[in-house]
Amino acid sequence: MVENLPALPPYRRIAAEIKRRIEGGELQPGDRIPSVREIVRDEGVSVATATRVASVLRADGYAETIPGIGTVARMPSKITTGPDRLQLQRTTGSGFRPGERVEIISAETVPASPEVADALEVEVGAQIIQRRRRYLDEEGVIALSTSWLPGELVKAAPELANPGPLPKMTFGLIEDRTGRRAVKRRDEVSIESLPEDVAPLLDQEPGTPVLSMANHYWDQHGQLTEYARDYMAPGRVLAADYDLE
């Protein structure tokens, strides 16, 4: 989520900045977060305001208080979705949280299935780009993610159809090569049965019900640039933060 930091209450603004430092790796899990005294000194706020910062970070899963040590940074145990990775890419230069990594399963041109053809607004069987990867962290598999992109993009960015990591993920590569910037998305969350070709990559049986998210991305011209579907590994938490003030 993109936060308009100046519009937030001071304690929320300071907490959001500390979150950014944690997500960007500047503050590692276990590092001490700024103390009340440091926040008062550096931000020019009251003690009461500075005290609320740690409370927000703890509530959002970005900090924990350890007796004898103090309040230290941590990463919330939540799923990093495609929209999260887009925001991370734009704010930190990397689409991964600390400790995460990706395995590229495949990248190729394939005929569009009815589901994908409908999403990309192309004919069934039209040649499109498919990229499949598995995201992991120290706890194991996070999700299996598949992206489908219009076939014509392979002319400007042939790397999309090659099974290797992309320097700026699909979003950044498309923007660099074509000028098409993802500016709008729609998310659809549902419970889906694992397809036979996906289940082994999540170490599950085919048909196992899991949380799934489908994402549609549009560029500044209103044209769809990517359709993606993630299947989440069991035991993972899908979380989002919203400021209501």
Side-chain angles (χ1 to χ4, degrees), residues 61 75-89 95-151 153-154 159-166 169-171 173-174 182 185-218 224-240:
M75 284 298 294
S77 299
K78 65 179 183 178
I79 295 170
T80 309
T81 63
D84 293 329
R85 297 190 189 282
L86 173 57
Q87 179 60 20
L88 283 171
Q89 174 69 45
F96 302 97
R97 298 181 188 275
E100 291 183 341
R101 66 187 189 279
V102 64
E103 292 179 353
I104 307 299
I105 305 300
S106 62
E108 56 191 334
T109 55
V110 299
S113 68
E115 174 194 354
V116 176
D118 181 64
L120 292 181
E121 299 179 350
V122 299
E123 295 292 331
V124 174
Q127 288 295 299
I128 58 170
I129 303 165
Q130 175 181 283
R131 291 185 63 85
R132 176 165 288 176
R133 57 271 195 197
R134 190 166 67 158
Y135 293 104
L136 306 98
D137 61 13
E138 63 277 2
E139 297 178 9
V141 180
I142 301 171
L144 189 284
S145 178
T146 305
S147 293
W148 296 274
L149 306 102
L153 289 175
V154 77
E159 298 96 323
L160 290 171
N162 294 326
L166 303 176
M169 305 177 65
T170 56
F171 313 109
L173 184 62
I174 292 171
R185 80 170 196 262
R186 183 176 72 234
D187 304 332
E188 300 171 354
V189 180
S190 59
I191 301 295
E192 302 287 343
S193 297
L194 282 177
E196 290 189 2
D197 61 332
V198 170
L201 296 170
L202 289 179
D203 300 322
Q204 300 294 317
E205 293 294 324
T208 300
V210 298
L211 190 65
S212 178
M213 176 182 281
N215 310 115
H216 300 71
Y217 297 91
W218 288 269
L224 199 89
T225 58
E226 182 174 347
Y227 171 63
R229 179 173 290 280
D230 290 3
Y231 290 97
M232 317 305 181
R236 296 286 178 163
V237 175
L238 180 63

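Model, not experiment: these values are computed from the prediction.
For Ser193 (side chain) and Thr208 (main-chain N/O), no donor-acceptor pair under 3.5 Å exists by modelled atom type. Under a 3.5 Å cut-off, the side chain of Arg131 and the backbone N or O of Asn162 do form a donor-acceptor pair.
In the model, Glu115 has no side-chain atom that pairs as donor or acceptor with a side-chain atom of Ser113 under 3.5 Å.
Here CG of Leu201 is found 8.5 Å from OG1 of Thr146. Values are rounded to the nearest 0.5 Å. Interatomic distance, CG of Leu160 versus CD1 of Ile129, reported as 4.5 Å (0.5 Å rounding). With rounding to the nearest 0.5 angstrom, the CD atom of Glu192 is 12.5 Å from the CE atom of Met213. Taking CH2 of Trp148 as the reference point, atom OG1 of Thr109 lies at 15.0 Å (rounded to 0.5 Å). One distance of note links CG of Leu153 with CD1 of Ile174; it measures 5.0 Å at 0.5 Å rounding. From Leu120, atom CG reaches atom CD of Glu226 across 9.0 Å, with rounding to the nearest 0.5 Å.
For the residue pair Arg133 and Val102, the shortest heavy atom distance occurs at CB-CG2, 3.6 Å. When all heavy atoms are compared, the tightest approach of Val154 to Ala161 is CG2-CB, 3.9 Å. Heavy atoms only, all atoms of each residue included: Ala112 and Val122 are closest at CB-CG2, 4.1 Å. The two residues Ser147 and Ala228 come nearest to each other via the heavy atoms OG-CB, 3.7 Å. The two residues Tyr231 and Val198 make their nearest non-hydrogen contact at CD1-CG1, 3.8 Å. Closest approach of Leu224 and Pro150 over heavy atoms only: O-CG, 3.8 Å.
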>> Using side-chain contact (heavy atoms from CB on, under 4.5 Å), reason through Leu211 and Ile191 one step at a time and then give a plain yes or no.
In response: CA-CA 5 Å; Leu211 190 65; Ile191 301 295; 4.0 Å; yes
>> Assess the residue pair Leu194 and Leu144 against the criterion (side-chain contact (heavy atoms from CB on, under 4.5 Å)); give the C-alpha distance rounded to whole Å, side-chain angles, the decisive distance to 0.1 Å, and a yes or no.
In response: CA-CA 10 Å; Leu194 282 177; Leu144 189 284; over 6 Å; no
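Every pair tested for side-chain hydrogen bond (donor to acceptor under 3.5 Å, both in side chains) that includes a residue from residues 120-129 fails, sequence neighbours excluded, so the list is empty.
Side chains of Arg101 and Pro165 form no contact here, defined as non-hydrogen atoms less than 4.5 Å apart. Counting only heavy atoms from C-beta outward, the side chains of Asp230 and Met232 approach each other to under 4.5 Å. Contact annotation: the side chain of Gln130 never approaches that of Val116 to less than 4.5 Å [non-hydrogen atoms, C-beta and beyond].
For Glu159, the side chain to side chain donor-acceptor pair (under 3.5 Å) partners are Arg177, not counting sequence neighbours. Under the side chain to side chain donor-acceptor pair (under 3.5 Å) criterion, Thr225 pairs with no residue, sequence neighbours left out.
Between Tyr227 and His216, the ring-plane angle classifies as tilted under the 30° and 60° cut-offs.
For CD of Glu205, the number of neighbouring non-hydrogen atoms (other residues, nucleotides, ligands) closer than 6.0 Å is 12 at most.
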